Amino acid sequence: MNLALLAFRLMCLAWLWPVTQLNSSHFPDKRKHKDLYNGENTNYKHAGRIDFRMKKSDSTKSLLIKSEQLLRIEDHDFAMRPGFGGAAIPVGIDVQVESIDSISEVNMDFTMTLYLRHYWQDDRLAFPSSSNKSRTFDARLVKKIWVPDVFFVHSKRSFIHDTTMENIMLRVYPDGNILYSVRITVTALCSMDFSSFPLDTQNCSLELESCWYNRLYINFILRRHIFFFMLQTYFPTMLMVMLSWVSFWIDRRAVPARVSLGITTVLTMSTIITGVSASMPQVSYVKAVDIYLWASFLFVFLSVIEYAAVNYFTTVEEMKKLKEGKVPASFNASQAMAFDGCFHDNDIDMTPFSDLSGTPNTDRTTQSQNSASEPPPTEGTRLRRKRSIKHNLNFIMANSYMIDSYSRIIFPMAYLLFNIIYWSLYA
C-alpha cells in the first residue's frame, strides 16, 4: 500500500515538471522586475542609499575628496586672519548699487540694495588644480573660514537676502585668492540740510569700517526734482494768493462775498502749510519752502485786512454824514444795513464834505497869516505844501474806494517782485 502511494506521487511529479519549465521559459523577467521594484522601494524608504548605477551619472561624486578636504579646512584655525602676527592683509572692496529704495526726509535716512564684494588672499585655502579653475561655494563654507569683519557705520537696519537661499557667493582660486560677494539691503543715516528745501542737493555717504582696516566712504549726491513740489505746493499757493486778489474787484458793500472769499483763502493756505510741515522733520531753522508759504500767507492775510480797512472807512464816513444831516429825513438806517452791514450810496447823499473843499482855503488863510510873521524864503529853498495826518486820514475816509484801486496794482506787483527775488536766490 505504501509502495503504491509513493509510486503515484512520483508520477505526479514527473507530469508537473514540464509545466514548471514551460512557465519559467515564458516569463524570464518576472524575477528581475520584482527585484527592481524592491530596489526602488528601498531607495525611496532609505534616501541615503543610492543605487550604484546612479553614482556614475552624478558629477558631485566624481571628486576623489570633499571640498573641506580639498581646502584643508580642518588643518587650520580660521578664527585667525591669514598671516596672523605679520603684516596686514590687503582687502579690496567694491560696491555695486542695485537700487536706491527710499529716501526719508522725516527720518533723515536712505535705504539701498547693493552687492558688497571682498577680495583677499588666504594661502591656507590654496589647492592643486591642473586646469587652474576656481571653485564656487555657497554660504555653508563661508561659516567655516575667515572673512573680513566689515560693517556699516551709522546703519539703522540691514539684512542679507535669503530668498530662496542666502544670497552669498564664495569663489576660491587655486592660488588662494578669494572673492566673497553678498547681497545686502541697508538703511543708513544721512545728515541732511533743509535750508534750501525743496530746491536742495543732499550729500549722503555710506561708510564701511573694519576693526583692522581703514574706513571707506561712498558718497551719493542726491538732487531733488522740483516738479513734484511745484504741483503739490507752489502752484496751489500761487493760485490761492491770486484768488485773494479777486476781492479787490468786488463791490466794497458786498460784505458776505468779500469776507467769505478772504476767510476761504486764509484757511486753504493754513491747510497747505500744515500739510508741508507734517511731511518734514522738525528742524530749528527756516526752510526755503517755509519762506515762500508764509510770505504767501501774509499776502492773503493782508488782502483780508485791506477789506477790513475799506469797510471801516466807508462806515465811518457814512455815519459822519448821517450825523451832519446830509441824508433825507425818510432814510431808514436799519433797512440800509439789514443785508450787508453798511450804508449804500443810493440811500445816502454821497456829496463830498464841505471841509474838504474848504480845507485848501483855510490852509491858504493860515499860511498867509503865518507868512507875515516868517521871513521870506531864501534863494534855493524849496516850498512844500504841508498836510497834517488828520487831513490825509480824512481824505482816505472820503475816498475809501481808492484803496481797492491801488490794491489792484500794489498787491500783484509786490508778489511778482517777491517771486523774482525768491527764485533768483534758491533756484
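The structure displayed is predicted, hence computed values, not measured ones.
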Heavy-atom check, side chain of [X] versus side chain of [Y], under 4.5 Å:
| X | Y | answer |
| --- | --- | --- |
| W423 | L199 | yes |
| V266 | F297 | yes |
| E166 | D138 | no |
| M108 | F194 | yes |
| E306 | R258 | yes |
| N177 | Q121 | yes |
| I145 | L170 | yes |
| V147 | H118 | no |

For E105 and R224, run salt bridge (charged side-chain N to carboxylate O under 4.0 Å, His left out): C-alpha distance rounded to whole Å, both residues' side-chain angles, the deciding distance at 0.1 Å, then the answer. CA-CA 12 Å; E105 292 87 0; R224 198 182 309 274; 2.6 Å; yes
Using modelled atom types and a 3.5 Å cut-off, is there a donor and acceptor pairing between side-chain atoms of Y426 and backbone atoms of P198? no
Is a donor on one side and an acceptor on the other found under 3.5 Å between the side chain of T233 and the backbone of M230?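 Not at all, since once roles are kept as given, no pair shorter than 3.5 Å links the two residues.
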Measure the acute angle between the ring planes of Y415 and F299, then classify it against the limits of 30° and 60° as parallel, tilted or perpendicular. perpendicular
Can you find a side-chain donor-acceptor pair between S129 and Y173 that sits under 3.5 Å?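 No - no donor-acceptor pair under 3.5 Å links their side chains.
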For N419 and Y292, test the side chains for any donor-to-acceptor distance below 3.5 angstrom and give the result as yes or no.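 Yes - a donor-acceptor pair under 3.5 Å links their side chains.
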Mind listing the closest non-hydrogen atom pair of [X] and [Y] along with its distance?
| X | Y | answer |
| --- | --- | --- |
| A295 | F418 | CB-CZ, 3.3 Å |
| S270 | T274 | O-OG1, 2.8 Å |
| S279 | V106 | O-CG2, 3.4 Å |
| S210 | D149 | OG-OD1, 2.6 Å |
| C204 | F110 | CB-CE2, 3.8 Å |

Is the distance between the ring centroids of F84 and W146 under 6.0 Å?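 Centroid distance W146-F84: not below 6.0 Å, so no.
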So, F152 versus H154, ring centres under 6.0 angstrom or not? no
Considering residues, nucleotides and ligands other than [X], do more than 12 of their heavy atoms fall under 6.0 Å from its [atom1]?
| X | atom1 | answer |
| --- | --- | --- |
| N214 | CG | no |
| R215 | CZ | yes |
| F151 | CZ | yes |
| W294 | CH2 | no |

Given D101, T111, T113, the one that forms side chain to side chain donor-acceptor pair (under 3.5 Å) with T185: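 Of all the options given, the one that passes is T113.
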